[in-house]
Amino acid sequence: MTAFPATTRIHDSLDVALARKRVVLWYDAAGEWSESFDSYTGNGVEKRRVEGDEFASKVMIARSPSHQRFLLYIPSEKPDEKDNWLLDLLLAGHEFKADRASLDIQDAGLTLEFRDLAKQHSAFFRSMVRTQKLKEQLRSTDDADSIRLKMMAVLAGVPADIDKLLLHFLSQLETGALDLNDPLVELLSDIDAKGKDSLQLVHPFWQAVNKKFRKPDEPTFSSLRDFVTTFFRSVNPLEKQPLLQPHARVFLSFWKDSLSSRPAFETWSALLAETLQIEAQLADAPDPQLGDDDTFELFDRYTLHRLVQGFEGEEPAGSLLELIRSRRSSTWFEKHRRGYQAIEQAIQLRSLLAVADLNVSSLDHGLQLYTERWWRIDQAYRLCIANLRTYGQPGLMEGLKSWVESHYVNNFLLPLSDRWSDQVAKLTTWSAEALPRQQEFHARFVNPLLSKGQRMFVVISDALRYEAACELAQQFTQGKGWSTQVEALFGSLPSYTQLGMASLLPGAQITINPADATVAIDGQSASGTDNRDKILKAHTNGRAKAIQAEEFLGLNSRTDGRALTKDHDLIVIYHNRIDRVGDKRDTEANTFEAVEQAFEELQAILRKIANLNGSNVVITADHGFLFQQTAVDEGDKAVFPKADALTYKSRRFAFGEEIDPAKGLKVFTAQALGFMGTWSAVFPLSLGRFPIKGSGSRFVHGGPSLQEVVVPVIKLKRERKDDSRLVEVEVLRVPAKVTTGKVPVSLFQREPAGPKVLPISLRLALYAKADGTLLCEPKTLVFDSTAAEPREREQRLELLLSNAAEAYNNQPIELRFERWVAGVNDPVPDPSKTVELKLQWAFGNDFDDF
């Protein structure tokens, strides 16, 4: 074990003293040098600890040989001469004295002017490890206060900064045990058996806190409870007058923006929101302007409440969306993201419905308008409902949810279905000019690439609706390295899985068995993966493979995956998530959640394809679906028609012989649908559902509605390099000289965000150029505007200088930009956007208005 430097020096001094004198006496009233005495091994020196046996020690020395040397350690005060039994030895020998404080400051590399500091905080220097760590941090410019701060930092294991020390202690303190265990007191004090604190760093800590945070004439802090209560009162924007210096808001940003400190912030914020009765303050305030303040989670709850009220009160979309945008940088936004997104999609739905012209002049006209614009209404409804269900909070969202359900069904789904059905009712054959037939899929999207000798992956996702495919394609282009193009096919009728899957396979003739709705291609059954694999192999000389998504994802890319791509030019992957969930009465309510799960699984499939060096991919579906979250209206229940025999029944179609036409129904012969046979198929028009016992009614397919028969095709091409990039942001306006406590900044997003131009989150703050001291509360802005109009992409804010700026008046300061990166604790600096300013501020006038 390495000796403590002070101990080594003491041993050397003892050697010198014992070389001159036969007897050396060492009085140590505090007993602090006991270990140094025990570890001393002087050559030819006999050590003796004298504790009440002074006379015996004196006799022992008198009878010893004259050459024998003695070190007497006496752990008590030196008595007066008249009471000292060892006075003659003391007068003839040498009294050794160890000055602990002087030794300590030498060990730490300090000068003698800090001897009183070492003496005051003697317990700190008892540890060689602590002393060495302090020595490594010391600078020639340090004064006593900065040295004490570094001592606290060594004890806490954090940088020597009062803010970081506060964060450390607040993170350790349990809110429910404020008066029991104070980690600050435990760490910065060392109480001995006599009740004396030999560390004495608690008071200097609070002195530093008070100096940085307290306003003149305000009470000083002496406990964490006192500080944290005053702190939250001061940073509460509902309070009329802040109790602390402006630096409190800088500290707030440190606390809530740090991933390691944020849990403690959230706990304390919740406790103080209740203590300070923030909810009552919000209720009493006539029109609280919270902006982007996120001191309390209640601010986001209140904002959501205001948004719902504003939506129900038909406030303009622009003001509501701006309010949502103002909360994007909130600490609590992610927790309430689903709530904000639900409201945002409800606003989108309202705006789309307001301008929607649902007239359908022809079948082709309806197909054209649906693929151009109407699908967005289905998407906005789905996203709103999915977010509402995930977010919960029915008490808050019930009115908005009711509006969305009612207006989607009554103002879009029903009128559009009625007008579309009027065109379907006129048809004599199931055909259209606006879109290619689903049976042309293989000829249009597969054969051209195979004929060029290119490998191709086809992913068929059961019930992937057109609107969902459009969203999925957008996700694929956002930094994923794929180019995408969405097209549409005119789905086969009836729009059910067996027929839809068969329509995507090569072959000359599709036949349907009207007894059980099974499908064959050129006499080969098309039911199940194995049969589809046979059909594919027959048309590719064995160079095709049909595989289920679960099996494909389970392949080892280096072994099984390589073998798959080596032996096959066409790999068709069958994926089933949406239909598996939606087509069951017990789970149909989870249809929109299943769409989100399908997106995740399809992205995983695409990553796997990329790992196998796949570059040509097509994602399509067998059919779409009709869905509404609320129960189907009684008026949408259809009645089966009269017929010689209905051989197969489903919610949206039935097969049979000699089916009589009836109001609200459409009958097609097999030939009118493009198939052989004497059977016919009957379909309820509009939103009608046939009564099928035991099946669900909210999720249906098989019928001729636009949502069921517009089949998406996503064409994906792997790009050699990802050419997506972040949006560019430039500073429009910032003052060259800062003459007040408020610094206005105007920023411009140079181009709209899009598939290849990705949003960015930037944090802005003012720093002292000299030493990098933060001089204001940082602000985070999200640049994700898709607006084509440039002025709509400008964002403005004010940065409010803290009291720390007083030390840098008439000096250059910097406006710095930092970019938030997923998975990184702190934002990444962007030096290219740093702007230098000159601080010239008469400080006395502004802080009261902070």
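All figures in this text were calculated on a predicted structure; none of them were measured in a lab. Side chains are part of it too, since the values below use all heavy atoms of this structure and drop only hydrogens, waters and symmetry mates.
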* To do: Evaluate the criterion side chain to side chain contact (heavy atoms under 4.5 Å, CB included) for residue pair Phe476 and Val617; output intermediate values, then yes/no.
  => CA-CA 12 Å; Phe476 286 146; Val617 183; over 6 Å; no
Under a plain distance cut-off of 3.5 Å, with no hydrogens placed, do [Y] and [X] share a side-chain donor-acceptor pair?
X: Ser406; Y: Asn410; value: yes
X: Gln597; Y: Glu601; value: no
X: Asp378; Y: Tyr466; value: no
X: Asn236; Y: Gln281; value: yes
X: Arg389; Y: Asn590; value: yes
X: His623; Y: Gln438; value: no
X: Gln345; Y: Tyr381; value: no

Does [X] use its side chain to pair, donor to acceptor, with the backbone of [Y] at less than 3.5 Å?
X: Ser269; Y: Glu266; result: no
X: Glu344; Y: Ile324; result: no
X: Gln379; Y: Glu467; result: yes
X: Ser253; Y: Val250; result: yes
X: Gln289; Y: Pro237; result: no
X: Arg698; Y: Thr591; result: no

[atom2] on [Y] to [atom1] on [X], rounded to 0.5 Å:
X: Ile343; Y: Leu321; atom1: CD1; atom2: CG; answer: 10.5 Å
X: Lys742; Y: Cys776; atom1: NZ; atom2: SG; answer: 14.0 Å
X: Leu781; Y: Arg328; atom1: CG; atom2: CZ; answer: 11.0 Å
X: Arg301; Y: Leu396; atom1: CZ; atom2: CG; answer: 9.5 Å
X: Leu352; Y: Ile347; atom1: CG; atom2: CD1; answer: 12.0 Å
X: Leu775; Y: His247; atom1: CG; atom2: NE2; answer: 10.5 Å

Kindly give the heavy-atom pair with the smallest separation between [X] and [Y], and that separation in Å.
X: Gln348; Y: Ala380; result: CG-CB, 4.0 Å
X: Arg793; Y: Ser785; result: CG-OG, 3.6 Å
X: Val710; Y: Tyr370; result: CG2-CD2, 3.9 Å
X: Arg262; Y: Asp257; result: NH2-O, 3.6 Å
X: Leu626; Y: Ser705; result: CG-OG, 3.5 Å
X: Leu238; Y: Pro288; result: CD2-CB, 4.0 Å

Decide yes or no for [X] and [Y]: does some side-chain heavy atom of the first lie under 4.5 Å from some side-chain heavy atom of the second?
X: Phe254; Y: Ser261; result: no
X: Glu297; Y: His336; result: yes
X: Leu815; Y: Thr834; result: no
X: Leu388; Y: Leu400; result: yes
X: Gln603; Y: Leu606; result: no
X: Leu358; Y: Trp374; result: yes
X: Leu837; Y: Val743; result: yes
X: Leu320; Y: Arg350; result: yes

Candidate list [options], test side chain to side chain contact (heavy atoms under 4.5 Å, CB included), partner [X], passing option:
X: Thr620; options: Val711, Leu464, Val459; value: Val711
X: Leu766; options: Val738, Leu799, Leu800, Leu839; value: Leu799
X: Ser461; options: Ile605, Leu602, Val595; value: Leu602

Might you confirm whether atom [atom1] of [X] has over 12 heavy atoms from other residues, nucleotides or ligands at distances under 6.0 Å?
X: Glu312; atom1: CD; value: yes
X: Glu730; atom1: CD; value: yes
X: Glu433; atom1: CD; value: no

* **side-chain hydrogen bond (donor to acceptor under 3.5 Å, both in side chains): pairs with one or both residues in residues 412-422, sequence neighbours excluded** =>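 Non-adjacent pairs meeting side-chain hydrogen bond (donor to acceptor under 3.5 Å, both in side chains): Asp418-Ser686.
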* Asked: Given the rule in the side chain to side chain contact (heavy atoms under 4.5 Å, CB included) test, do Val486 and Val713 qualify, once you have shown the distances and angles that lead to the verdict?
  -> CA-CA 6 Å; Val486 180; Val713 178; over 6 Å; no
* Please identify each residue that fulfils salt bridge (charged side-chain N to carboxylate O under 4.0 Å, His left out) with Lys838, with sequence neighbours left out. =>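 Scan of Lys838 (salt bridge (charged side-chain N to carboxylate O under 4.0 Å, His left out), adjacent residues dropped) gives none.
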* For Lys833, all residues meeting salt bridge (charged side-chain N to carboxylate O under 4.0 Å, His left out), sequence neighbours excluded ->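 For Lys833 the salt bridge (charged side-chain N to carboxylate O under 4.0 Å, His left out) partners, ignoring immediate neighbours, are Asp830.
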Salt bridge check: are [X] and [Y] linked by an N-O gap of less than 4.0 Å?
X: Asp293; Y: Arg249; value: yes
X: Arg338; Y: Glu596; value: yes
X: Asp294; Y: Arg327; value: no
X: Glu471; Y: Arg382; value: yes

* Please work out whether the ring planes of Phe296 and Phe299 are parallel, tilted or perpendicular, with thresholds of 30° and 60°. =>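 Perpendicular.
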* To do: Kindly confirm or rule out a cation-pi arrangement of Arg718 over Trp482, judged by NZ or CZ under 6.0 Å from the six-membered ring centre and within 45° of its axis?
  =>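 Arg718 over Trp482 ring: yes.
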* List for me each residue that meets ring pair (Phe, Tyr, Trp, His ring centres under 6.0 Å) alongside Phe699, sequence neighbours excluded, and say none if there are none. =>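 Checked Phe699 against ring pair (Phe, Tyr, Trp, His ring centres under 6.0 Å); matches are Phe625, His701.
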* Partners of Ser746 by side-chain hydrogen bond (donor to acceptor under 3.5 Å, both in side chains), sequence neighbours excluded? ->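 Testing Ser746 for side-chain hydrogen bond (donor to acceptor under 3.5 Å, both in side chains), a comparison that skips the adjacent residues, returns Arg733, Glu794.
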* **side-chain hydrogen bond (donor to acceptor under 3.5 Å, both in side chains) against Tyr340, all qualifying residues, sequence neighbours excluded** =>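 So Tyr340 forms a side-chain hydrogen bond (donor to acceptor under 3.5 Å, both in side chains) with Asp300.
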* For residues His407 and Trp403, establish whether the separation of their ring centroids is below 6.0 Å. =>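 Close enough - the centres of the two rings lie under 6.0 Å apart.
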